[in-house]
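Notes to accompany the following structure.
Predicted model only: the values in this text are computed from it and were never measured. Whatever order the structure lists them in is the order used to number ligands and atoms, beginning at 1. Quick note: residue numbers are just sequence positions, from 1.
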Amino acid sequence: MTTTVAVIGLGIMGGPMAANLIKAGHRVVGYNRSPEPVRRLQDAGGHGAGSVAEAVRVADVVITMLPDSPDVEAVALGQDGTGADGIYANARPGTLHIDASTIRPDVARRLAEAGRERGVRVLDAPVSGGEPGAVEGTLSIMVGGDAADVEAARPVLEAVGRTIVHVGPHGSGQTVKAANQLIVAGNIALVAEAVVFLEAHGVNTAAAVEVLAGGLAGSTVLDRKGHTMLARDFTPGFRVELHDKDLGILTAAAREAGVVIPLGALVAQLMASLKARGDGGLDHSALLTLVEQLSGRSAGPPS
Ligand code: NAD
């Protein structure tokens, strides 16, 4: 039986995820606030919808891939004051809502409760792997919610991801994602410091990155971003403003639990500074430019 999947939010991540769902044989109906991504989905064999309501009415599964907590709340609960235009007012009972966006764990729990009241089964299923992972269909997906719903969602999740793990009840997917964002931001900051250090010593940085990647210093960040950082190519990818949002989620959740994360707090401040100076639209690896400036070296790589 063909599954109809509504995808709301067809940006850097949602667009390629929808394309992979089509490739896997699902019927995909997409909606995005701006029209261009909907046209791209139609070119890829999907169907366009003119509103959230129109997209979800026909769906067995709804995936949201939106920037932040207020966006997901508005789309799920409606924004016309009555809720009538939201996912939960228009989805058929039993529909699965998989929120793949990165949002606050407490908001994920609230949405699960609101969905339950309308007969909609909600999962928080944030992803890691970036744009390449979305394009290749190899995302790592951390899922919070009821075990039976996770199993029901698995055939759809398998079309977009490779590592799919049920990590606990509603909200836990988002908590694991916050930890993911701590590790990634810290890793980028340390790679940035290493690059500035190596360049200051006139070392062949391409050779250095190659050998570092093969040892204990190796990481997915180094593999995927090392060379673009050396070339100062900060085309997103994952935008600074989104990582700043995620580090806000992390620091609030750490405080709530009474957990002290000194390195996380420091890198959160650096990311916030990058955004504050107007670089929110760059890839998060642009943290390199800030680290360079701390040493008075802002001219980029040696020519
Ligand atoms: P994006 O800005 O490229 O895409 C978001 C899309 O949602 C845009 O096309 C926007 O027009 C649309 N949108 C916003 N509000 C809407 C609304 N009310 N109704 C319909 N469409 C709406 O962002 P992205 O990089 O795809 O990230 C999406 C989510 O995935 C974020 O929560 C982000 O933190 C997370 N994420 C991103 C990456 C990455 O590498 N880009 C990796 C993992 C997780």
Those residues that, when tested against Arg27, pass salt bridge (charged side-chain N to carboxylate O under 4.0 Å, His left out) (two or more places apart):
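For Arg27, no residue satisfies salt bridge (charged side-chain N to carboxylate O under 4.0 Å, His left out) once neighbours in sequence are set aside.
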Donor-acceptor contacts under 3.5 Å from residues 113-121 side chains, at least two apart:
unit_1, atom_1, unit_2, atom_2, d
Glu113, OE1, Arg116, NH1, 2.7
Arg121, NE, Gly94, O, 3.0
Arg121, NH1, Asp149, OD1, 3.3
Arg121, NH2, Gly94, O, 3.0

If the test is side-chain contact (heavy atoms from CB on, under 4.5 Å), which one of Asn32, Asp99, Ile63, Val56 qualifies with Ile8?
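For Ile8, the side-chain contact (heavy atoms from CB on, under 4.5 Å) check succeeds only for Val56.
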Tabulation required: pairs of a nitrogen or oxygen in ligand 1 and a protein nitrogen or oxygen under 3.5 Å; columns are atom names and distance to 0.1 Å; otherwise 'none'.
unit_1, atom_1, unit_2, atom_2, d
ligand 1, 2 (O), Arg239, NH1, 3.3
ligand 1, 2 (O), Arg239, NH2, 3.2
ligand 1, 3 (O), Ile12, N, 2.9
ligand 1, 9 (O), Asn32, OD1, 2.8
ligand 1, 9 (O), Asn32, ND2, 3.4
ligand 1, 11 (O), Asn32, ND2, 3.1
ligand 1, 21 (N), Arg33, N, 3.0
ligand 1, 26 (O), Ile12, N, 3.3
ligand 1, 26 (O), Met13, N, 2.9
ligand 1, 32 (O), Leu66, O, 3.0
ligand 1, 32 (O), Pro67, O, 2.9
ligand 1, 32 (O), Thr102, N, 3.0
ligand 1, 32 (O), Lys245, NZ, 3.2
ligand 1, 34 (O), Lys245, NZ, 2.8
ligand 1, 41 (N), Gly237, O, 3.4

Would you please test Thr289 and Arg277 for side-chain contact (heavy atoms from CB on, under 4.5 Å) and show each step?
CA-CA 12 Å; Thr289 61; Arg277 75 176 191 187; 2.6 Å; yes
Under the side-chain contact (heavy atoms from CB on, under 4.5 Å) criterion, do Ile22 and Leu41 qualify, and how do the steps go?
CA-CA 9 Å; Ile22 295 168; Leu41 176 77; 3.9 Å; yes
Run the ring pair (Phe, Tyr, Trp, His ring centres under 6.0 Å) test against Phe238 and tell me which residues pass, sequence neighbours left out.
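Counting only residues at least two positions away or on another chain, Phe238 forms a ring pair (Phe, Tyr, Trp, His ring centres under 6.0 Å) with His243, His284.
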